Amino acid sequence: MGKRKKVDSRARRQLAEKLVEKIVAANGLSDSEGADLATSLVRQWATYNGRAVLFGGHQCVRLNLSYTPLGRPHVTPGPGPKHWLSEQIRSRNIDPDAAAGIIEQLNRGQSAEVETLDGASLRFWVDPKQGKCGVEVLAPAPPDSQEPVTYRQRAADCLRQRFGAELGDDELTALATSVARQWKQFDGHASVFVGPSERFHMKLTKSGDGRNDVSVSCLTANLGSQLATIGISGDEVPETIARINLGHGFEIRDKEGVVALLWHDPKAGRLVRKQVRKAPPTPLASGLPSACPKCSALLMPSQDGARPKTCPLCRHVLPR
């Protein structure tokens, strides 16, 4: 058992060093910084059940460890919030020169303490196991330097972390309004889908000093298959996702004609359907039977109540 554990540890170290080489090359880090990153990566895998998060510059990447059927370790990379760190530094009034120190602390121990320019004390944290990032206020800024921040402003900050300049001003405003509304409606939970396979989740909590703190995470989703089961075709998926992201519940009709309202519950992390109208009843025959004036045969009205044009027995043309 001891020998196997030693071999596994060596394989993990070699795998970590190979991955870190790419980060070092992309960010111009020194060999000693690269060795520290490899050590952090191996330690995170051991501590967080094969999960790890590293920052290469301001970009965050998830590096999750798994094994082949024959026990060979390999890594499945995944994106973290693209602009989380740079947006936190900007929105919380932190000296940009402090960024390098924050990144180093987060990579070494998944936690970093920093003081803002207006005197607040903050702790940045990363949870590799859950794939989440957040900021905790350790000590607030002096009262005269605090300014009220609305839910919509905080929502816009979070969206900039993930999308940066990808969103136009109109899109950012509309999505921030939706996120703020979701926070109020779903107990501090809000989500925006990035295509059918990714859900950007934002959790709002009140800190002890009365401020609103937000933790963000990128979660996998299977929205495409869920929408397909309720009859929404692939061509309709982008428009449907847009309506869900904007918080617009919308009606869908199944094959039986039942109409339901569909929306996404970010707290439960699922689509919700609520029936609003039952299927219309099958129309019954209306009108009364009559007799053919030529042969006296009984003439039955059609399903919609219309009289027949000719007698089915003698083919006499009936008057209108």
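Keep in mind the model is a prediction, meaning the values are calculated, not measured.
Of the charged side-chain nitrogens involved, none lies within less than 4.0 Å of a carboxylate oxygen, so that Asp213 and Lys203 do not count as a salt-bridged pair. By the 4.0 Å N-to-carboxylate-O rule, Lys267 lies close enough to Asp187 to be salt-bridged with it. A salt bridge is absent between Glu87 and Arg92: the closest approach of a Lys/Arg side-chain nitrogen to an acidic carboxylate oxygen does not fall below 4.0 angstrom.
How far CG of Asn222 is from CD of Gln226: 4.5 Å, rounded to the nearest 0.5 Å. In this structure, CG in Leu227 is found 6.5 Å from CD1 in Ile241, a value given to the nearest 0.5 Å. Taking CD from Gln110 and CD from Gln105, the interatomic distance works out to 11.5 Å, rounded to the nearest 0.5 Å. A distance of 5.0 Å separates NE2 in His201 from NE2 in His189, rounded to the nearest 0.5 Å. Once rounded to the nearest 0.5 Å, the distance linking CG of Leu37 with CD of Glu21 reads 12.0 Å. Expressed to the nearest 0.5 Å, how far CH2 of Trp45 lies from CG of Asn64 amounts to 9.5 Å.
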### Task
Before giving the answer on side chain to side chain contact (heavy atoms under 4.5 Å, CB included), spell out for Glu113 and Leu122 the whole-Å C-alpha distance, their side-chain angles and the decisive distance to 0.1 Å.
CA-CA 6 Å; Glu113 293 187 13; Leu122 309 175; over 6 Å; no

### Message
Let's go through Val216 and Val214 carefully: what are the C-alpha distance in whole Å and the side-chain angles of both, what is the deciding distance for side chain to side chain contact (heavy atoms under 4.5 Å, CB included) to 0.1 Å, and is it a yes or a no?
### Response
CA-CA 7 Å; Val216 298; Val214 182; 4.1 Å; yes

### Task
Using the salt bridge (Lys or Arg N to Asp or Glu O under 4.0 Å) rule, take Glu198 and Arg162 through it: C-alpha gap first, then chi angles, then the decisive distance, then the call.
CA-CA 12 Å; Glu198 181 185 337; Arg162 171 60 181 83; 3.2 Å; yes

### Message
What verdict does the side chain to side chain contact (heavy atoms under 4.5 Å, CB included) test give for Met202 and Val192, after you've listed the backbone C-alpha separation in whole Å, the side-chain angles of each residue and the deciding distance to 0.1 Å?
### Response
CA-CA 9 Å; Met202 294 150 279; Val192 169; 4.0 Å; yes

### Task
For side chain to side chain contact (heavy atoms under 4.5 Å, CB included), just list the numbers for Tyr151 and Val179, CA-CA rounded to whole Å, side-chain angles, deciding distance to a tenth of an Å, and then say yes or no.
CA-CA 8 Å; Tyr151 278 6; Val179 169; over 6 Å; no

### Query
Taking it one step at a time, do Asp157 and Arg90 satisfy salt bridge (Lys or Arg N to Asp or Glu O under 4.0 Å)?
CA-CA 9 Å; Asp157 289 342; Arg90 186 197 66 80; 3.2 Å; yes

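Nearest heavy atom pair, residue Ala156 against residue Ala176, reads N-CB, 3.9 Å. The minimum heavy-atom distance between Thr76 and Ser66, with the atom names listed, is OG1-OG, 3.9 Å. Contact record, Gly109 with Arg43: CA-NH2, 3.9 Å, taken as the closest heavy-atom pair. When all heavy atoms of Leu85 and Ile103 are compared, the closest pair comes out as CD2-CG1, 3.3 Å. Taking both residues in full, the closest heavy atoms of Gly224 and Pro196 are given as N-CB, 3.6 Å, listed atom of the first, atom of the second, then distance. Taking all atoms of both residues into account, the shortest heavy-atom contact from Gln182 to Ala190 is OE1-CA, 3.4 Å.
A 4.5 Å side-chain heavy-atom check between Leu172 and Arg160 finds at least one atom pair inside the cut-off. Contact of the Leu262 side chain with the Leu271 side chain is registered, since non-hydrogen atoms from C-beta on lie closer than 4.5 Å. For the pair Ile94 and Gln88, the minimum side-chain heavy-atom distance is 4.5 Å or more. A 4.5 Å side-chain heavy-atom check between Val135 and Val137 finds every atom pair outside the cut-off. With contacts defined as side-chain heavy-atom distances shorter than 4.5 Å, the pair Leu167/Leu175 qualifies. For the pair Gln44 and Leu54, the minimum side-chain heavy-atom distance is below 4.5 Å. Proximity of Leu65 to Leu15: side-chain heavy atoms (C-beta onward) are separated by under 4.5 Å at one or more points. By the 4.5 Å heavy-atom criterion applied to side chains, Trp125 and Ser215 are counted as neighbours.
With hydrogens and angles disregarded, no donor-acceptor distance shorter than 3.5 Å links the side chain of Asp95 to the backbone of Ala98. With Arg181 contributing its side chain and Leu246 its backbone, the two residues share a donor-acceptor pair below 3.5 Å. Side-chain atoms of Ser178 come within 3.5 Å of backbone N or O of Asn245 as a donor-acceptor pair. At least one donor-acceptor pair under 3.5 Å links the side chain of Gln153 to the backbone N or O of Thr150. Side chain of Ser40 to main chain of Asp36: no donor-acceptor pair is present (N/O by atom type, distance under 3.5 Å, no hydrogens or angles).
Linking ILVMFWY residues whenever their side-chain heavy atoms come closer than 4.5 Å, directly or via other members, places Ile232 and Leu223 in the same cluster. Hydrophobic clustering (ILVMFWY, side-chain heavy atoms < 4.5 Å, transitive): Leu41 and Tyr67 are in one cluster.
By the side chain to side chain donor-acceptor pair (under 3.5 Å) test, Glu171 pairs with no residue at all, sequence neighbours left out. Under the side chain to side chain contact (heavy atoms under 4.5 Å, CB included) criterion, Glu104 pairs with Arg108, sequence neighbours left out.
Residues Phe186 and Trp263 place their aromatic rings such that the two centres sit no closer than 6.0 Å.
Below 30°, between 30° and 60°, or above 60°: for Phe55 and Trp84 the angle between ring planes is between 30° and 60°, a tilted geometry.
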